[in-house]
Each structure stands twice: as structure tokens, then as C-alpha cells.
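One structure below.
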Amino acid sequence: MTLIPELTILQPADKEAIDLPRTSEDELAVGKKKLYIESYGCQMNFADSEIVAAVMRNAGFATTSTAEEADLIFLNTCAIRENAEQKVRHRLKHLVGLKRLKPELLVGMLGCMAERLKTKLLEEEKVIDIVAGPDAYRDIPKLVEEAGSGQKAVNVFLSREETYADISPIRLNSNGVTAFVSIMRGCDNMCSFCVVPFTRGRERSRDPHSIVREAQDLFDRGYREVTLLGQNVDSYKWRDESLTTSQTEAATAGSALSTTTFADLLETVARIHPDLRIRFSTSHPKDITDDVLHTMAKYDNICKYIHLPAQSGNSRVLKIMNRTYDRPWYIDRIDRIRAILGDDCGISTDMISGFCSETEEEHQESLSLMDYVQYDYAYMFAYSERPGTLAAKKYPDDIPEEVKKRRLSEIIAKQQYYSAARNQRHIGQVLRVLIEGNSKRSDEFLSGRSDQNKLVVFPKGNLQKGQYVNVLITECSSATLRGEVV
Ligand code: SAH
Ligand code: SF4
Ligand code: F3S
């Protein structure tokens, strides 16, 4: 295990979490032009919106949480399934109304749908003034200026290098306790159903020093949990090019000091402070190593929770999905997780029903995989063909919609059973919970997450968000655990 070279980790005195209302960090700025950003899709998009807010702050814009108040509206979009795009199209209709009331309002499309559809969006949706892909966010102030002078403005170039490593994000909708930190961008995997490699470009890792600085800074400001984000965190890799050739040779001869793997990064972030909890997403079954599992076991502050999307439980389907692992390989990874991290480690998955040519028996294998693993949680989808993907080119989308839906409902029913069963295991246990704020249903209760990513609700007492508490679990549903602080 190599740590990131030349890194001093400060251990400042433990600070009380600052009791911020759920708002952006610069929302109160007066007299500035106002930007409203709405994010769709995965956590990476939400993290990107915080980069965009930072870039726009330098250009003189403050963020607002009300669209009606904005001079500039950005939709940071997702293209993963057809209904993700439909949602955005629908939202644009509402913006047409806003623009009628305020003709100088500018509307920008960011993110994956912008990247996928490019200038076509301008033809199809007249309300849009700006189109910017995920690697063009530094250019946005210029695009806004262009659009302000009446031209439509577009930048959808994908980069091999851009990681926005030097930009310090402005936390939007923040609870002041938990934050996302991007550690890489893009994806090189080419799963045949997936549009991400086309909308986010080539995979690239971010300089680990900048990642650790960001996490340290969050901790110093009262945050107590960071989630390290990437489409495939296990393929994170950084070679320290600041070392000269002779140093590199010496390092390589010694302990490959110059290469930082995901396990190394995880360990370095875990050492910032024992009260800073670490999560990460997404792990890829073909790449997750025992090294990562051992690092998780070694540090109490690395949460025992792994999102390990299977997609299907059948080896033939996995092959045409181009996932590059088969059912036995996936099961072996699960067995290793259980062996190294124990039965209480939370595991979740993504499942797709009705992928091209999937037979009834193959679908049954997805269900039997779910019986084997007993996931704590799952994100479940009916296959949605995406233009330009390998599957769209190679395999007919031949499973009827009602069959996809019926298979999906079987997958969902199975998961509901295991979510409840896995939650029931915790009744009578004491779980350590990081308080994130008031419970959604009542101000008399607080809520937070356990190590395994379970939502836990308990009476407020004199407690505050940002604190860790031990909660004795007394009740549960398939979604929530309830208990008393002990
Ligand atoms: N990088 C992650 C997945 C990111 S996309 C991984 O490899 O696991 C999130 C999830 O959306 C995928 O895991 C998959 O289950 C689902 N998904 C992606 N493309 C899809 C499509 N065309 N139809 C239905 N679901 C899809
Ligand atoms: Fe898409 Fe596969 Fe990359 Fe995940 S690993 S983003 S599913 S191509
Ligand atoms: Fe969607 Fe793009 Fe994320 S397609 S899931 S927002 S990477």
C-alpha cells in the first residue's frame, strides 16, 4: 500500500458543524446577477453543477434557489434513458413561460443531453440560448456573454485532460455535513447499453493532491462526510509527473511510489481525520480489488457500503452488455466482500430488465443473483435503447415493453423483500449515525445515515447535525430505520 507522496495531513481540532440552512454558499450575495441551476441524473452531474456555480461566481453571478428570480437558468441534464431526456424537455416548456415574462432571461443546457444532441437542441428547443457539454464549463462565462449579445452559443468539445481540479466548488443545496468530491471524469468501458462514454468522453483521473486538499478543506469547514465520485472509481490511477525521470526510476524500483491507485487514494483521504467519513461510488465488478476491500476494513471511517452494479445475473447477457465479467466472477467479488468486510457490509446494485434478446430463463438468473447477494438497495431500470450506443447498432431492442415492465416489477418486488429483510437485521443493534439534519417528516426528529448507508430517524433531543450518535434501532420499514439515541 503506497500513500500519496509528499503529502502532509493536518489534523485540526475537531470543529462543531456549522448550522447552515440548506442553501447555496453564496446565495446571499446582493446586487449580483442571479444564476439558477437545476441538476438531473447522477451524483456526478450534481457535483459538476457546483463547479459551474464556482466558475459563474468568478464571472459575477450569485446562485439563487428560485427560478423566477434568475437572470440565467441552467439545466444540467442527463441522457442515460429516454425518460431522463423527456423530463428535461418537459421542464423546458415551463421555461418558455418564464422567458415570456422576462425576455432578457438566458437559458443554458449543460451536461449529457447537451453533449449528446449538440446544436440539434437549438433547432428543436427555441428557448435554449446556450449549449455546453461536460468538458466546456470553464468556457461558460464566454458563452453567456455571447448569448447576452443575441447569438446562440455552443461548446460541446470533449477533452482528454479536463478535470476542473483547481476549481473549488460552491456547495449547492448543502446540508453543511456531506459533500461530493469528483475524483475522475469520463468512462472508457463501453458497456453496450450506455451513452456515458459518448457524453462524458475518455476516462481521466484527477490529481490526488487536489482531491485531498478539497476533502481537508471540507473537513475544516465542518463537513463530516465526503463521497468520492467516478463512473468507475476502481480504475482511478495517477502517475505523479512532478517527479523527474531518475526519481521515478528510483521510486519504481522501490515501491512504485509514483503511482496512486484507488486503494491508495482511499487510504490517504481516510487519514485526514477519523471523524471524516468516506464513501465512494461507483465500483465496477471487473476492477474492484481485494486491496480496496482491505483498505476499507483497515479504517473505521471508510463506510462499509459498496455500490456494485451487476446489471444482469446471466453470463450471456453480461457478455453482450460488454460488462467484461460473468456471473461466477461477480459472485466471487461478493464472496470476497463478505469474507473481508463481513455480513453487515451494505451492498447495492443497478439492474436492467429486458436487455436485447434476454430470455425468460436469463431474467430468472437476475432474480436468483438477487437471492444470492441479498442486496440492501437497488436501482432498477427497464432497458431503454440509446441512439449511437453499441447495442443500438448491433442488437435489436426486441423485448416488448410490457415484458420489460413485468420483469422489472418482479425485480422490484424481490428487492423490496430484501431491503426490508436487510433492515430488519439491524433491529436491536446500535448503529453509529452521522446526523445530516431534521427528518423530512417532522422537526421533532433528526435523520442521518449509518455506515451501511441506511437512513436512520430518531428523536431530536439536544443534538445537532454534524454530530455522530449511537442509535439503538427499534423499528424499520424497507426504506428507513428508527430508534433511540443511547
Ligand atoms: N458507471 C456506472 C453506471 C452509471 S449509469 C456503472 O458502470 O455501474 C447508472 C445506471 O443506469 C447503470 O448502472 C445502468 O443500470 C443504468 N443504465 C445505463 N444505461 C441504460 C439504458 N440504456 N437503459 C436502462 N438503464 C440504463
Ligand atoms: Fe456506462 Fe459502463 Fe461506463 Fe458505467 S462503466 S458509465 S455503465 S459505460
Ligand atoms: Fe446521466 Fe450523464 Fe450521469 S447520462 S447518469 S448525467 S454521466
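All ligand and atom numbering here is 1-based and tracks the order in the structure.
Scanning all protein heavy atoms for the shortest distance to atom 1 (Fe) of ligand 3 gives Cys78 SG, 2.4 Å. What sits closest to atom 2 (Fe) of ligand 3 on the protein, heavy atoms only, is Cys112 SG, 2.2 Å. Scanning the protein for heavy atoms near atom 18 (C) of ligand 1, the closest one is Ile80 CG1, 3.4 Å. Remark: minimum distance from atom 21 (C) of ligand 1 to any protein heavy atom is reached at Ser384 O, 3.5 Å. Nearest non-hydrogen protein atom to atom 16 (C) of ligand 1 is Arg81 NH1, 3.2 Å. Looking only at protein heavy atoms, the nearest one to atom 4 (S) of ligand 3 is Ala79 N, 3.3 Å. Among all protein heavy atoms, the one lying closest to atom 9 (C) of ligand 1 is Asp350 OD2, 3.7 Å.
The ligand atoms of ligand 2 that sit less than 4.0 angstrom from a heavy atom of His284 are 5 (S). Taking every heavy atom of Gln231 and a limit of under 4.0 angstrom, the matching atoms of ligand 3 come to 7 (S). Close approach of ligand 1 to Arg386 (heavy-atom distance below 4.0 Å) involves ligand atoms 22 (N). Listed by number with element, the atoms of ligand 2 under 4.0 Å from a non-hydrogen atom of Arg323 are 2 (Fe), 7 (S). For ligand 3, the atoms lying closer than 4.0 Å to a non-hydrogen atom of Cys42 are 3 (Fe), 5 (S), 6 (S), 7 (S). Atoms of ligand 1 found under 4.0 Å from any heavy atom of Tyr383 (numbered from 1 in listed order, with element): 22 (N), 23 (N), 24 (C). Close contacts between ligand 3 and Asn45 involve ligand atoms 6 (S) [criterion: under 4.0 Å to a heavy atom]. Listed by number with element, the atoms of ligand 1 under 4.0 angstrom from any heavy atom of Pro309 are 8 (O).
For the pair Arg202 and Asp135, the salt-bridge criterion is not met [side-chain N within less than 4.0 Å of a carboxylate O]. Under a 4.0 Å N-O distance rule, the pair Glu85/Arg386 qualifies as a salt bridge. The residues Asp326 and Lys319 are annotated as not salt-bridged, no charged nitrogen and carboxylate oxygen being separated by less than 4.0 angstrom. The pair Glu410-Arg406 meets the salt-bridge criterion, since a charged nitrogen lies less than 4.0 angstrom from a carboxylate oxygen. Comment: Arg221 engages Asp217 in a salt bridge, judged by a side-chain N to carboxylate O separation of less than 4.0 angstrom. Residues Arg89 and Glu125 are paired through a salt bridge, judged by an N-O separation under 4.0 Å between the basic side chain and the carboxylate. Taking a cutoff of 4.0 Å between a charged side-chain nitrogen and a carboxylate oxygen, Arg171 and Glu214 qualify as a salt bridge. Salt bridge annotation for Arg138-Glu162: present, with a cationic side-chain nitrogen under 4.0 angstrom from a carboxylate oxygen.
Under a 3.5 Å cut-off, the side chain of Asn175 and the backbone N or O of Thr178 do form a donor-acceptor pair. Listed for the Lys126 side chain is no donor-acceptor partner under 3.5 Å among the backbone atoms of Glu124. Looking only at distances, no side-chain donor or acceptor of Tyr377 sits under 3.5 Å from a matching main-chain atom of Gly346. No donor-acceptor pair under 3.5 Å is formed between the side chain of Ser348 and the backbone N or O of Ala378. The backbone N or O of Met113 lies less than 3.5 Å from a partner atom in the side chain of Thr77, making a donor-acceptor pair.
Neither the backbone nor the side chain of Met44 comes within contact range of ligand 3; no heavy atom lies under 4.0 Å. Contacts of Glu385 with ligand 1, taken as heavy-atom pairs under 4.0 Å, are absent altogether. At a 4.0 Å heavy-atom cut-off, ligand 1 touches Phe381 through the side chain alone. Counting heavy atoms closer than 4.0 Å to ligand 1, residue Ala391 contributes nothing at all. Residue-level proximity to ligand 1 for Thr282 is carried by the side chain, the only part with a heavy atom below 4.0 angstrom. At a heavy-atom cutoff of 4.0 Å, ligand 1 is contacted by the side chain of Arg323 but not by its backbone. Counting heavy atoms under 4.0 Å from ligand 1, residue Gln231 touches it through both backbone and side chain.
For a threshold of 3.5 Å applied to N or O pairs, the pair formed by Gln311 and ligand 1 contains at least one separation below that value. Residue Phe193 has at least one N or O atom closer than 3.5 Å to an N or O atom of ligand 1.
Residue His307 is tested with Tyr375, Tyr379, Phe280 for a ring-ring contact (aromatic ring centres under 6.0 Å, His included); the sole match is Tyr379.
For the atom pair NZ (Lys152) and CD (Glu146), the distance works out to 13.0 Å, reported to the nearest 0.5 Å.
At a 4.0 Å cut-off, not a single heavy atom of Gly111 sits close enough to ligand 3 to count as contact. For the pair Ala382 and ligand 1, a heavy-atom separation below 4.0 Å is found.
For the residue pair Thr66 / Glu68, no side-chain donor-acceptor distance below 3.5 Å is found, with atom types taken as modelled. A side-chain donor-acceptor contact under 3.5 Å links Arg327 and Ser368. Checking Ser312 against Glu358 by side-chain atom types alone, no donor-acceptor pair falls below 3.5 Å.
Neighbouring protein atoms of atom 1 (Fe) of ligand 2 (N, O or S, distance under 2.8 Å, waters ignored): Cys194 SG.
Ring orientation note: the planes of Tyr325 and His284 are nearly perpendicular, at an angle over 60° on the 30°/60° scale.
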